[in-house]
*Asks:* 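The structure's right below; bear with me while I get my questions together.
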2 protein chains.
Amino acid sequence: MAARPAHTPASQTPTMADVAQLAGVSHQTVSRVLNDQPNVRAETRARILDAIRELGYRPNSAARQLVTRRSQTLGVVSFDTTLYGPASMLYGIEQAARDADYFISIVSLRAMNRGSVLEAVDRLRDQAVEGVAVIAPQTSAAGVLAQAAAGVPLVGAGCGPAEQVPMVAIDQREGAAMATRHLLDLGHRTVHHVAGPVGWLDASGRAEGWRAELERAGRPVPPPLRGDWSARSGYAAGRALAADPDVTAIFCANDHMALGLLRAFHEAGRQVPAEVSVVGFDDIPESSYFTPPLSTVRQDFSELGRRSLELLLGRLENPAPPPAEHVLITPDLIVRASARPPA
Amino acid sequence: MAARPAHTPASQTPTMADVAQLAGVSHQTVSRVLNDQPNVRAETRARILDAIRELGYRPNSAARQLVTRRSQTLGVVSFDTTLYGPASMLYGIEQAARDADYFISIVSLRAMNRGSVLEAVDRLRDQAVEGVAVIAPQTSAAGVLAQAAAGVPLVGAGCGPAEQVPMVAIDQREGAAMATRHLLDLGHRTVHHVAGPVGWLDASGRAEGWRAELERAGRPVPPPLRGDWSARSGYAAGRALAADPDVTAIFCANDHMALGLLRAFHEAGRQVPAEVSVVGFDDIPESSYFTPPLSTVRQDFSELGRRSLELLLGRLENPAPPPAEHVLITPDLIVRASARPPA
DNA sequence: GACCGGGATGTTAGCGCTAACAATCGTCCC
DNA sequence: GGGACGATTGTTAGCGCTAACATCCCGGTC
């Protein structure tokens, strides 16, 4: 903050030795103050702190890292952080990491395949991260995680079940079952489903939950339509569904597709919720302003991020607890206006 | 990859010296191979590469960083990466950084104020980042950037004008003017505006562009309504506007507010676009599936991220080019169905 | 045949920090 | 009053790497 005094070359950032010299102590005492070690006289500590401030000294993290062998950095590998889910998880992880005094280094996946996950983890390891969290909600990721986990503590966030790897996920099956049950309870004979794309764990989990709930209730299981998460694909599914007069209830695998579907029904002149009920999944911030406001299933991504990080930090302290822990978070059904009893 | 041979203690990761010993050369030659230096015999190089593979050797980044004084890491400070804009910019920056062989370390801002930006940059500097990109689209950020830039190369991404700091931004005024002009060209007498929250650069830039365009055309400037970017606030503004029969054209400062507004008009029984035209801003992926599909202004966030990083890398090579460069990216008007000539 | 030049490799000296141990000083106890 | 003890501070030795310089060996030169 203050101007650099003459005894330190201006061209060069001050080192611990400079601080020590200015404070009239040895560099080790400076180190002790910096690391909050006991047995430093209060007055000495104050003098050192003054010297640090005067020189604008910053500890050299590389030097510390070299000797302590700790980088204070965690890596996050994520698929498309532009998506609502991954972005939210990343945010939750970052917040939790900061509270635990860790830095976060990110690598986004450009494509989803074994190689790119491995490469991303490798890149992070080159940077000496102490642990890695992977946000990769695709089926193909599940298999590769165990392999990636060799050599570095790793957890999955919102990933599917991989036996060897600890992970935190939202219970997609249960969430889908809740949505389906809600529609059934309203009095609908059965529920149609607009599913997410093949290869996504969330998509298959939701489809399974939907199917299981229909079967449990002994209802017919109509063939699901397949979307790709986008509103566009929901619109296409909606056009198909709107043409079928028997359809009275639809569970969409996410809110964006529900938006497109809503639009298709509107265009087709089929009223939601008067004629047809719709439930989504995600509870994106906009969904309460759809026409009509969308009933949906809320996932608490920030809790997911937080819990993943807790799990990872636990692993860091205790590298190999017996079995890989799997934490499942139950989502919440949010009831709005898009679903009601059949006419 | 192979099992660790006996001559290296299993408990300890191999060092360059281990590789050197196995290959029968000095550690310096190993270093030369790792750094792609010339003057190493092809055969020697191959032998060393084999040894590296056999031991599963990874260079110690801290040691390298200590001596080269380069961390190969760039920091990104961002406000709420859950939002569409910041998330997209972050993604663009990360991709560009990876191509340039840099790591990205992120710090999210919990609150938007001077202190938190400074603290975030400070945290990043403690980690020895070589440069910082700040994504903070608030007015309050503009002032603090110059201060934060002291001591570390820094660029703003999507931030407002700060004289001292180089930055890349999207031309909000021009985008808003395009939207307004589009509605005027359609034949509307004037255009109402639902603005973003006070304190946001994008909000004030868009309001200015809207106002300037109306004035240029000699049209009356109705008092703008104030929202907070959320669909909820757009809905509230929509209720107010729907009650006024004179309103025929509305420019919303973002697509989410336009969504809420669309819903309010629908509820009020006022047809869009038959009775009232609406244009948004952002072109979020969903906006083409609104009811009706939304005409809007598209911002290329990934280009913004890329350009910001280019600017930052430029600064790293040449610490202080004369004036701080400011790059403005012009957005595009996307015409869909939500605006048409007045009845 | 001694000399020179340059490619290939080895040796040495830190980078800035922490851990381990050594030294010093006062105080307390019998 | 002497020695033990604990609080405080200093000294030394690396952590694993790169930069700078030293060394070696070879073919080509005159």
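What you are looking at is a predicted structure, and each value in this text was computed from that prediction instead of being measured.
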*Asks:* Separation of A:Q37 atom CD from C:dC17 atom P, in whole Å?
*Replies:*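 Computing the A:Q37:CD to C:dC17:P distance gives 14 Å.
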
*Asks:* Hey, which of A:L145, A:V327, A:L154 is the one that makes side-chain contact (heavy atoms from CB on, under 4.5 Å) with A:M167?
*Replies:*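 Single side-chain contact (heavy atoms from CB on, under 4.5 Å) partner of A:M167 among A:L145, A:V327, A:L154: A:L145.
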
*Asks:* Just N and O in the side chain of A:S26: are any of them under 4.0 Å from OP1 or OP2 of D:dT9?
*Replies:*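 Answer is no, no contact under 4.0 Å.
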
*Asks:* For A:T29 and D:dT9, is the shortest distance between a side-chain N/O and OP1 or OP2 below 4.0 Å?
*Replies:*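 Checking D:dT9 against A:T29, no side-chain N or O comes under 4.0 Å of OP1 or OP2.
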
*Asks:* Quick one: is C:dT9 close enough that its OP1 or OP2 comes under 4.0 Å of any side-chain N or O from B:R41?
*Replies:*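 Yes, because at least one side-chain N or O of B:R41 sits under 4.0 Å from OP1 or OP2 of C:dT9.
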
*Asks:* Rounded to whole angstrom units, what separation is found between the CG atom of B:N35 and the P atom of D:dA19?
*Replies:*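 Taking CG of B:N35 and P of D:dA19, I get 7 Å after rounding.
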
*Asks:* Output yes when at least one side-chain N/O atom of A:T44 is less than 4.0 Å from OP1 or OP2 of D:dT9, else no.
*Replies:*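 Result: yes.
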
*Asks:* Test B:R315 against B:E325 for salt bridge (Lys or Arg N to Asp or Glu O under 4.0 Å), laying out the working first.
*Replies:* CA-CA 10 Å; B:R315 290 272 153 164; B:E325 302 150 76; 3.5 Å; yes

*Asks:* Tell me: CG of B:L34 to C1' of D:dC17, nearest whole Å?
*Replies:*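 Rounded to whole Å, this separation is 10 Å.
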
*Asks:* From CD of A:Q21 over to C1' of C:dC17, roughly how many Å is that when rounded to an integer?
*Replies:*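 Rounded to the whole Å, the gap is 17 Å.
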
*Asks:* So, is A:N39 near the phosphate of D:dG6, with a side-chain N or O under 4.0 Å from OP1 or OP2?
*Replies:*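 Negative; the distance criterion is not met.
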
*Asks:* Do NZ/NE/NH1/NH2 and the carboxylate oxygens of A:D122 and B:R58 come within less than 4.0 Å?
*Replies:*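 Salt bridge flag = yes for B:R58 with A:D122.
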
*Asks:* Is it true that B:R70 and B:D101 make a salt bridge, defined as a side-chain N closer than 4.0 Å to a carboxylate O?
*Replies:*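 Looking at B:D101 together with B:R70, the answer is no, because their closest N to O distance does not fall below 4.0 Å.
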
*Asks:* Figure out the CZ/C1' separation between B:R70 and D:dC17, and round it to whole Å.
*Replies:*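 Taking atom C1' of D:dC17 as the reference, CZ of B:R70 is at 16 Å.
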
*Asks:* So, B:E94 and B:R98, do they make that salt bridge, N to O below 4.0 Å?
*Replies:*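 B:R98 and B:E94: salt-bridged.
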
*Asks:* Charged N to carboxylate O below 4.0 Å: is that the case for B:E119 and B:R123?
*Replies:*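 Salt bridge: no.
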
*Asks:* Calculate the interatomic distance between A:R32 atom CZ and C:dC17 atom P; express it in whole Å.
*Replies:*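 Whole-Å distance recorded here is 15 Å.
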
*Asks:* Rounded to whole Å, please give me the gap between CZ in B:R45 and C1' in C:dA8.
*Replies:*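 After rounding, the reported distance stands at 12 Å.
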
*Asks:* Measure CD/B:Q28 against P/D:dA22 and give the value in whole Å, please.
*Replies:*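 It is 15 Å, rounded to the nearest whole Å.
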
*Asks:* Checking side-chain polar atoms at under 3.5 Å, does B:D80 have a donor or acceptor matched by the opposite partner on B:S78?
*Replies:*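 Side-chain D/A pair, B:D80 to B:S78: absent.
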
*Asks:* Which atom pairs link the protein and nucleotides 14-16 of chain D when you take only N or O atoms and keep those under 3.5 Å?
*Replies:*
| from | atom 1 | to | atom 2 | distance (Å) |
| --- | --- | --- | --- | --- |
| D:dC15 | O3' | A:R69 | NH2 | 2.6 |
| D:dG16 | OP1 | A:R69 | NH2 | 2.3 |

